[in-house]
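In what follows, residues are counted from 1 in the order of the sequence shown. Just so it is clear, the structure is predicted and the values come from calculations on it, not from any experiment.
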Amino acid sequence: TSTISLCSKSLMLAKAKEEWDQEIVDKQAEKERYLSERVTPLHTSGLSLSQLQDLCRELHERVEIVDEERYDIEAKCNHNTREIKDLKIKVLDLRGKFKRPPLRRVRVSADAMLRALLGSKHKVSMDLRANLKSVKKEDTEKERPVEVGDWRKNVEAMSGMEGRKKMFDAAKSPTGQ
């Protein structure tokens, strides 16, 4: 697929280049056609000095008219670009002023959610708590280990000579049998 995509990309690029070159040729032809319609060829041969001066004045007036039109168009273009820039700034300002409100949590039961999603089709009520496992308190109390007696009583019983004798006897009895 990579060779196909490379081939298709190169074909697309070649086609785009052909169209671009054709567009340049078309623009040049359009420019030449427009200039041939608007600009008449000058015939200065055989004119007297006063006729040449009149021709120069006429050409000068035409140039002034074209310059005025060019200036007006340029002023309109500058005004439009300034207006576009101002509108973009206003849009950015408006975006910054309005903040999205924080979303609040809404508690909805499963039934209400299904009714909202399914509409009138939802008829079965769903009790989710009924499916939960029930735990009795008595069971948890029975599983707790029995508490060991007070450790201080054991220490008092083992202290002194009697306690040492009991430890000695206890250690001796399993090995003596």
Side-chain angles (χ1 to χ4, degrees), residues 1-137 139-140 143:
T1 60
S2 63
T3 56
I4 294 171
S5 64
L6 288 174
C7 184
S8 64
K9 284 181 184 179
S10 62
L11 288 174
M12 286 175 27
L13 285 173
K15 180 68 175 168
K17 185 170 180 0
E18 287 176 17
E19 289 179 5
W20 188 41
D21 293 341
Q22 184 62 37
E23 187 177 326
I24 291 172
V25 170
D26 291 344
K27 281 185 179 181
Q28 186 64 29
E30 178 67 24
K31 182 180 178 181
E32 290 174 6
R33 184 192 61 78
Y34 179 79
L35 288 176
S36 66
E37 287 176 3
R38 297 282 297 211
V39 179
T40 57
L42 290 177
H43 301 289
T44 56
S45 59
L47 295 177
S48 67
L49 183 63
S50 64
Q51 288 174 335
L52 284 173
Q53 286 176 342
D54 289 340
L55 181 64
C56 286
R57 285 187 193 106
E58 184 184 332
L59 289 174
H60 188 66
E61 287 174 5
R62 284 187 185 176
V63 168
E64 284 180 355
I65 291 171
V66 170
D67 277 345
E68 286 176 5
E69 289 176 0
R70 183 186 56 82
Y71 178 78
D72 291 342
I73 291 172
E74 188 177 344
K76 283 181 183 178
C77 184
N78 288 338
H79 176 73
N80 287 343
T81 54
R82 264 187 261 116
E83 191 173 340
I84 289 170
K85 186 178 176 183
D86 291 342
L87 289 174
K88 283 183 181 179
I89 290 172
K90 283 183 181 179
V91 166
L92 290 175
D93 287 345
L94 289 175
R95 281 187 189 162
K97 286 183 183 177
F98 297 110
K99 293 181 181 176
R100 290 184 179 164
L103 298 176
R104 294 177 295 178
R105 281 191 183 242
V106 178
R107 288 192 174 206
V108 180
S109 68
D111 291 331
M113 195 178 303
L114 285 173
R115 263 188 247 114
L117 291 173
L118 301 175
S120 62
K121 295 178 185 175
H122 174 66
K123 293 180 182 175
V124 178
S125 75
M126 199 175 198
D127 187 15
L128 296 176
R129 293 179 189 239
N131 296 335
L132 295 176
K133 181 181 175 184
S134 61
V135 178
K136 297 178 182 175
K137 289 185 178 180
D139 294 341
T140 58
E143 292 174 7

Value rounded to 0.5 Å, distance of CD1 in I89 from NZ in K85: 6.0 Å
Inter-residue atom distance D72.CG - E69.CD, 0.5 Å rounding: 8.0 Å
For K27, all residues meeting salt bridge (charged side-chain N to carboxylate O under 4.0 Å, His left out), sequence neighbours excluded: E23
Review item, side-chain donor-acceptor pairs of residues 55-64, under 3.5 Å, at least two apart:
{"from": "R57", "atom 1": "NH1", "to": "D54", "atom 2": "OD1", "distance (Å)": "3.1"}
{"from": "E58", "atom 1": "OE2", "to": "R62", "atom 2": "NH2", "distance (Å)": "3.2"}
{"from": "H60", "atom 1": "NE2", "to": "E64", "atom 2": "OE2", "distance (Å)": "3.1"}

Separation between CD of E30 and CG of L35, rounded to the nearest 0.5 Å: 10.0 Å
Validation row: Y71, D67 side chains within 4.5 angstrom (heavy atoms): no
E18: partners by side chain to side chain donor-acceptor pair (under 3.5 Å), with sequence neighbours left out: none
R82: side-chain contact (heavy atoms from CB on, under 4.5 Å) partners, not counting sequence neighbours: N78, H79
Sequence-distant partners of R105, salt bridge (charged side-chain N to carboxylate O under 4.0 Å, His left out), two or more places apart: none
R33 atom CZ, neighbour heavy-atom count above 12 within 6.0 Å: yes
Qualifying residues under salt bridge (charged side-chain N to carboxylate O under 4.0 Å, His left out), relative to K17, sequence neighbours excluded: D21
